[in-house]
Protein chains: 2
Amino acid sequence: MRKTKVERQRLLKEKIEQTPFITDEHLAKTFQVSIQTIRLDRMELAIPELRERIKYVATNQWNETVKALSLDEVIGEIIDLELDKRAISILDITSDLVFSRNKIARGHHLFAQANSLAVAVINDELALTAKSEVKFRRQVIEGERVIAKAAVEGKDEKSRTIVAVHSYVDNEKVFSGVFYMYQSNENKGEKNK
Amino acid sequence: MRKTKVERQRLLKEKIEQTPFITDEHLAKTFQVSIQTIRLDRMELAIPELRERIKYVATNQWNETVKALSLDEVIGEIIDLELDKRAISILDITSDLVFSRNKIARGHHLFAQANSLAVAVINDELALTAKSEVKFRRQVIEGERVIAKAAVEGKDEKSRTIVAVHSYVDNEKVFSGVFYMYQSNENKGEKNK
DNA sequence: ACTCGTTTATGACTTGGTACTAATAGTAAT
DNA sequence: ATTACTATTAGTACCAAGTCATAAACGAGT
């Protein structure tokens, strides 16, 4: 005999989770019940119809967010560097760096490029970001090349080095930020351990 | 007079690429032509219908998701999420995330964790960081576990969503930031006509 | 025999289309 | 002016994959 309703619903839920792109018709066949039964089941389980499921998967932000960010190699290539003064790096926005739906680059990649450039420009074994203020001026699209220019601007009252970074695509500013950097050398204030 | 056919088709293609989840009806209105014209255009341009477009996006993203599941430790794991309210994620600082010399975590990883949590907490198809102010309160060392807590704080004067994120290691605050997020905010709410 | 939970059937309606045919408007060539 | 042609609009039939509501049939248990 067929399984109980509860059992079928358990399996149904599983099945839909595994292969969300399945029609009621198909489900009815695999569970050897009528389409109407499947639909009743879905209603009881509050499982939306196929099209809504597809849409959900398509628009779901979660997946995008959890998606891999190979952070270490995304920070761009340094093409010019004058220690304690200025630095320039290039970051090509590849498909890995964007939201797949709209091809817009995720913000933290631009941040990472700028931040790592700020670290690099400082002539010290150790430079750490203490604070930063950044602005994402316009979206950057897949395929664009971001040129980040960092300039050391001096020290603040706590003798942290101030680095200004401006990033451009085709001379249009897309990102700017100021980074306040700890240094180990001249600056003491050895932080905690 | 209206634009030429060629021009309209160029714009049509663009529009659909930008916002693939748009019906022919909506397109007809925005281009001030009949639905049939839009359909002729799509045929000539070999652009599939809405459902196929959604499906395409969904399947792509689904694959990404499957991939992401094996690399979920990269920007942290979301362990709690209440859309439009708050979210919590955990990031274990592994050796990949630190400066090799001193085992201190690179700033942009903390930023990435916080930023992506800010994106995730927003209940919208599209959320982008417009601006942020962050503070790195103390260094994080290899082996430590960073818990980031995001809270949606409302909207600013430009109706960007404000998300505050604070990150802790053992109840000690190591990072804090405020993110101002763009939202697309379009459909989903409208039903009546 | 009657009732209850479950299952199946049926019909009307919905969305966002495809496929096809036909009519109309506007422009250019002869 | 007539013809030719393109572009656009209109209308019909049909489809997939549903929703919603109603009704009927089945299978047991007490």
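So you know, we letter chains A, B, ... as the sequences are listed, proteins then strands, and number each from 1.
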J.: Output all residues satisfying salt bridge (Lys or Arg N to Asp or Glu O under 4.0 Å) with Arg51(A), sequence neighbours left out; order by chain, then residue number.
T.: Glu49(A)

J.: Quickly work out the Glu52(A) CD to dG16(C) P distance and round it to whole Å.
T.: 10 Å

J.: Please give, in whole Å, the distance from dT7(C) P to Glu7(A) CD?
T.: 13 Å

J.: State which residues pass salt bridge (Lys or Arg N to Asp or Glu O under 4.0 Å) with Glu153(A); sequence neighbours excluded, sorted by chain then number.
T.: none

J.: May I have the distance from Leu40(B) (atom CG) to dG17(C) (atom P), rounded to whole angstrom?
T.: 14 Å

J.: With ring centroids as reference points, do Phe136(B) and Tyr180(A) lie under 6.0 angstrom apart?
T.: no

J.: Rounding to a whole Å, what distance do you find between Asp41(A):CG and dT7(C):P?
T.: 7 Å

J.: How many Å lie between CD1 on Ile54(B) and P on dG16(C), as a whole number?
T.: 9 Å

J.: Who passes side-chain hydrogen bond (donor to acceptor under 3.5 Å, both in side chains) against Asn115(A), sequence neighbours left out?
T.: Thr129(A)

J.: Taking only residues two or more places apart in sequence or in another chain, which ones pass salt bridge (Lys or Arg N to Asp or Glu O under 4.0 Å) with Asp41(B)?
T.: Arg8(B)

J.: For Arg145(B), what residues pass the side-chain hydrogen bond (donor to acceptor under 3.5 Å, both in side chains) criterion, not counting sequence neighbours?
T.: Asp92(B)

J.: State which residues pass salt bridge (Lys or Arg N to Asp or Glu O under 4.0 Å) with Lys173(A); sequence neighbours excluded, sorted by chain then number.
T.: none

J.: For dT8(D), take OP1 and OP2 only and decide whether either is under 4.0 Å from a side-chain N or O of Ser34(B).
T.: no

J.: I need a per-nucleotide contact map over nucleotides 12-20 of chain D, read 5' to 3'. Cutoff is protein heavy atoms under 4.0 Å; write B for the base, S for backbone only, - otherwise.
T.: ----BBBB-

J.: Under the side chain to side chain contact (heavy atoms under 4.5 Å, CB included) rule, collect the residues that match up with Glu144(B), sequence neighbours excluded.
T.: Arg138(B), Val140(B), Ile141(B), Val169(B)

J.: Taking N or O atoms only and anything under 3.5 Å, show me the protein contacts with nucleotides 4-7 of chain D, one pair per line.
T.:
unit_1	atom_1	unit_2	atom_2	d
dA7(D)	OP2	Lys5(B)	NZ	3.4

